[in-house]
Amino acid sequence: MSPPAWTPLASGPTVRPSADSPKQPASPRSTSWHGYGAMRLTGPDAWGQPADRTAGVTVVRKAVEQGVTFIDTADAYGPGISEEIIAEALYPYPAGVVIATKAGQSRPSQQEWKPLGRPEYLRQQAELSLRRLKVERIDLFQLHRVDPQVPPADQVGALKLLQEQGKIRHIGLSEVTVAQIQEAQTVAEIVSVQNRYNLTTRHHEEALEYCTREGLAFIPWEPIAEGAHAQATGPLAAVSRDLRASTAQVSLAWLLHHSPALLPIPGTSRVTHLEENLAAADIELIPAHMDLLQTSE
């Protein structure tokens, strides 16, 4: 299986030099087509400290050791804790590892996620992410949600200013339509879109097709769905039995076969689940499998 056709995120983070470690320069390298989503490094509901912070550090290090070169997080995860754990695990960052983060979702409480796209807030959150991640420039900074109370051009414009200041390298969007992507592209270059998408949740198919056509990365969050997606009966289970693989592995393999723009970011806090997810890259789905899985929607 070949890596995705897009390679806009091909160099690692610019890190602050450590007093006792030499600075490791970023080297050109395609990101792996398996990423890692870091939301589960925190406590329940992406809130507070995890029960076992050391285990989270271990998972992140293991992911990189296993070849993952794209790690996705957000300021809202914790808040801030996911970014801190990533830095604890990887700083100084190995060459070629890309760290992506997001801003634009405030967390007034454990159960609340509220879009907040005021330019001054986005700039503030970028500065905090730079500090927590211990980098001088964020490789990919994504607008976590479009705030309906703020003109979209102002929100993307704030990210564009950060880019001009050298604080972020690339700009991405999350949970957007094709029209919103196109509007953002009139303000700044957009290299990625992160929308909820998996085998049974495909309402963003139009956005995926647009990204594939335009050469943008499409980062599906929640790439492994629950409920009917994981039932013991149906097309997914049938293909899993045929390949002697888990339903999670087949679900990820389907994404990798479905579009060259897709970069799955399955998340976990356990090394065993991490290894299972990464093994999905070795699964080959034949046309008959793909045809059968199309009925899983």
Side-chain angles (χ1 to χ4, degrees), residues 1-10 29-37 67-72 98 100 102 139-140 142-143 170-182 184-185 189-226 228-230 234-236 239-240 242-243 245-267 276-297:
M1 189 184 303
S2 300
W6 59 271
T7 55
L9 311 176
R29 176 180 174 186
S30 300
T31 59
S32 61
W33 61 93
H34 251 320
Y36 173 74
V68 168
T69 56
F70 182 85
I71 298 177
D72 178 81
V98 173
K102 301 180 286 289
D139 276 290
L140 175 62
Q142 304 156 95
L143 183 62
H170 290 301
I171 297 171
L173 306 172
S174 181
E175 281 305 295
V176 287
T177 64
V178 171
Q180 289 173 318
I181 300 170
Q182 292 173 328
Q185 287 176 315
E189 180 183 4
I190 305 300
V191 304
S192 67
V193 169
Q194 183 171 156
N195 286 357
R196 183 170 183 245
Y197 186 87
N198 56 56
L199 179 60
T200 57
T201 304
R202 305 185 208 169
H203 57 278
H204 282 303
E205 195 74 46
E206 184 181 2
L208 172 59
E209 291 173 357
Y210 180 83
C211 289
T212 304
R213 186 169 62 251
E214 298 297 319
L216 280 63
F218 189 99
I219 306 166
W221 64 270
E222 198 174 275
I224 304 171
E226 299 177 350
H229 187 71
L236 179 60
V239 173
S240 299
D242 185 49
L243 295 173
S246 69
T247 54
Q249 289 175 321
V250 173
S251 178
L252 291 169
W254 178 83
L255 289 170
L256 297 174
H257 286 73
H258 185 55
S259 168
L262 284 163
L263 172 59
I265 50 169
E276 177 185 340
N277 291 338
L278 294 178
D282 297 325
I283 294 175
E284 292 291 342
L285 300 177
I286 62 175
H289 292 146
M290 294 296 289
D291 291 341
L292 184 60
L293 291 171
Q294 284 298 115
T295 65
S296 294
E297 186 176 8

Review point. Looking just at side-chain N and O atoms, do Glu222 and Thr201 make a donor-acceptor pair shorter than 3.5 Å?
Key: no

Check your understanding: Can you tell me how far CG of Leu293 sits from OG1 of Thr200, rounded to the nearest 0.5 angstrom?
Key -> 11.0 Å

Revision key, fill the gap. Heavy-atom closest pair (Ala280 atom, Gln249 atom, distance to 0.1 Å) is CB-O, 3.4 Å

Check your understanding: What pair of heavy atoms forms the shortest contact from Gly35 to Leu263, and how long is it?
Key -> N-CD1, 3.8 Å

Review point. What's the spacing between Ile171 CD1 and Gln185 CD if we round to 0.5 Å?
Key: 11.5 Å

Check your understanding: If you round to the nearest 0.5 Å, how far is NE2 of His289 from CG of Leu236?
Key -> 11.5 Å

Review point. Any idea which heavy atoms bring Ile190 and Gly172 closest together, and the distance?
Key: CG2-CA, 4.4 Å

Practice item. Look up atom CG in Asp291 and atom CG in Leu285, then write down how far apart they are to the nearest 0.5 Å. Key: 11.0 Å

Review point. How far does CG of Leu252 sit from CG of Asn198, to the nearest 0.5 angstrom?
Key: 9.5 Å

Point to revise | Exercise: identify the closest heavy-atom pair between Pro235 and Leu292 | key: CB-O, 3.4 Å

Revision key, fill the gap. Residues Pro220 and Ile265: closest non-hydrogen pair is O-CG1, 3.6 Å

Review point. Taking Ser259 for the side chain and Glu209 for the main chain, is one N or O donor matched with an acceptor at less than 3.5 Å?
Key: no

**Study point:** Non-hydrogen side-chain atoms of Leu262 and Leu256 separated by less than 4.5 Å
**Key:** no

Exercise for review: On the 0 to 90° scale, with breaks at 30° and 60°, tag the Phe218-Tyr197 ring pair as parallel, tilted or perpendicular.
Suggested key: perpendicular

Check your understanding: Below 4.5 Å, heavy atoms only, C-beta onward: do Ile181 and Glu214 meet side chain to side chain?
Key -> no

Check your understanding: How about Glu189: does its CD atom have over 12 heavy atoms from other parts shown lying under 6.0 Å from it?
Key -> no

Check your understanding: Where is the tightest heavy-atom contact between Val68 and Leu278, given as atom of each residue plus distance?
Key -> CG2-CD2, 3.5 Å

Point to revise | Close side-chain approach of Asp72 and Lys102, heavy atoms under 4.5 Å | key: yes

Review point. When rounded to the nearest 0.5 angstrom, what is the spacing between CG in Leu216 and CG in Leu173?
Key: 8.5 Å

Exercise for review: Side-chain contact test, heavy atoms from C-beta onward, threshold under 4.5 Å: evaluate it for Phe70 versus Leu140 and give yes or no.
Suggested key: yes

